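Structure record follows, encoded as C-alpha cells.
Please read all numbers here as calculations on a predicted model, not as lab measurements.
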Amino acid sequence: MVIKDKEKKSPTIQASLAVPEDAIERMINKGGGVASVSAPLVRPATKEELQACFSLRVPRSFVARLDALRKQKDVIPSRNQTIIEILEKEFENAKV
C-alpha cells in the first residue's frame, strides 16, 4: 500500500461571503477606538469572596460529639453548619 499526501483543497470564497473592496478599505481607514468605562470599576463582593475557608484539625472525640448533636435534630445539618451555629452561640455569650 502506497501512502499518498492528502489532497489539498484550494481556498474558494463563496459569492455570498465576498466583501466589496471599498468596504474593506473603509474598515481599514476607520481606525480603532478606545473602550469606554460606563460601569464603576469596583463591583460588589460575591458570597464566595465574603467567606473565609480554612482547614480545622479537631480530635476524633470532638467529631463524634458533633455528629451525636447533629443526629438529635429532625433534619441533619452539615458539620459545617453545626460548627457555625455553636461558634455563633459562643460569640453571643462572650459578647464578642
Between Asp22, Asn29, Ile24, which is the residue that forms a side-chain contact (heavy atoms from CB on, under 4.5 Å) with Arg26?
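Only one option passes, and that is Asp22.
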Hydrophobic clustering (ILVMFWY, side-chain heavy atoms < 4.5 Å, transitive) - are Ile84 and Leu56 grouped together?
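Each belongs to a different hydrophobic cluster.
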Joint hydrophobic cluster, Val75 plus Ile86, side-chain heavy atoms closer than 4.5 Å:
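No, separate clusters.
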State the OG1-CG distance between Thr82 and Leu87, to the nearest 0.5 angstrom.
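Thr82 OG1 to Leu87 CG: 11.0 Å, rounded to 0.5 Å.
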Can you tell me which residue among Lys73, Arg70, Arg79 is in a salt bridge (charged side-chain N to carboxylate O under 4.0 Å, His left out) with Glu85?
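Per the salt bridge (charged side-chain N to carboxylate O under 4.0 Å, His left out) rule, the option paired with Glu85 is Lys73, out of Lys73, Arg70, Arg79.
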With side chains defined as the heavy atoms from C-beta onward, is the minimum distance between Val58 and Ile83 less than 4.5 Å?
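The answer is no; the side chains never approach within 4.5 Å.
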Any salt bridge linking Asp67 with Lys71? Criterion: basic side-chain nitrogen under 4.0 Å from a carboxylate oxygen.
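No, this pair does not count.
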